[in-house]
Amino acid sequence: DQQVKQNSPSLSVQEGRISILNCDYTNSMFDYFLWYKKYPAEGPTFLISISSIKDKNEDGRFTVFLNKSAKHLSLHIVPSQPGDSAVYFCAAKRGDSNYQLIWGAGTKLIIKP
Amino acid sequence: DAGVTQSPTHLIKTRGQHVTLRCSPISGHKSVSWYQQVLGQGPQFIFQYYEKEERGRGNFPDRFSARQFPNYSSELNVNALLLGDSALYLCASSPQVGGQETQYFGPGTRLLVL
């Protein structure tokens, strides 16, 4: 039972344009969502998070949008840079859980020069 | 400040053997979590420890065990290795548990079981 889904295994975007990565979830108990970026041979690196009481959080070139009614969140990267090429994971945490992050399968983002 | 460190970086074992993976959290972090990442999937939660006590366990068999030491470092042990245990094992640390704590990950230990 996949509670967090990233339906696009890969995404190719031109340098300088906007990258939009999507994530859907099924569990209404999730109240905190995170995006991580992962390069090969490295561990995931925290990018940005959002609480379920908000619908938008921005940090520099990265913005996360949350649509609770649709159980959908998205990560926008503007403008996209070559160093953004990586695998992006969406993760979620339940409000009644102190520990467990539930992860999507990841989307590989390729930024074309 | 050093990030989360893990050792070894790579490991090859045969079926039935035992393995111990090690993790040192970021200085000041008291919580350590372990995840298994199989190729093409997101990380799967195995354990979380806080102040040397197990705070959470994922859906993994009893062959998997862990502990946390007084200096907050941690070990993950896997007994009777199976081919399906081949994966990247990730350790993450956070200052506390609960709420909206961000977890910071180490580079992982890649385990291959032959």
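In what follows, chains are A, B, ... by sequence order, proteins preceding strands, each numbered from 1. All values below come from the heavy atoms of this structure, side chains included, with hydrogens, waters and symmetry mates left out. Predicted, not measured: the structure shown is a model, and the values here were computed from it.
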Practice problem: Would you check if there is a donor-acceptor pair between the side chains of A:Gln6 and A:Tyr88 at a distance under 3.5 Å? | Solution: no

Exercise. Using non-hydrogen atoms and a 4.5 Å limit, figure out which bit of B:Gln37 sits close to chain A: side chain, backbone, both or neither.
Key: side chain

Exercise. For the residue pair A:Thr26 and A:Asp24, confirm or rule out a side-chain donor-acceptor distance under 3.5 Å.
Key: no

Quiz item: Which ILVMFWY residues can you reach from B:Ile12 by hopping between side chains whose heavy atoms are under 4.5 Å apart?
Solution: B:Leu112, B:Leu114

Exercise. Tell me yes or no: between the side chains of A:Ser49 and A:Tyr32, is some donor less than 3.5 Å from an acceptor?
Key: yes

Quiz item: Side chains of B:Tyr104 and B:Pro25: does their closest heavy-atom pair fall under 4.5 Å?
Solution: no

Quiz item: Do B:Leu111 and B:Leu81 come close enough that some side-chain heavy atom pair is under 4.5 Å?
Solution: yes

Quiz item: Between A:Tyr36 and A:Lys38, does any side-chain donor sit less than 3.5 Å from a side-chain acceptor?
Solution: no

Exercise. Using heavy atoms and a sub-4.5 Å threshold, report which of residues 73-82 of chain A line up against chain B, by residue number.
Key: none

Practice problem: Kindly assign one of parallel, tilted or perpendicular to the pair B:Phe45 and B:Tyr35, based on the angle between their ring planes and the thresholds 30° and 60°. | Solution: perpendicular

Quiz item: Sequence neighbours excluded, which residues qualify as salt bridge (Lys or Arg N to Asp or Glu O under 4.0 Å) partners of B:Arg63?
Solution: B:Asp85

Quiz item: Salt-bridged, A:Asp55 to A:Lys68, with N to O below 4.0 Å?
Solution: no

Quiz prompt | Residues of residues 102-113 of chain A near chain B, each having a heavy atom less than 4.5 Å away | solution = A:Trp103, A:Gly104, A:Ala105

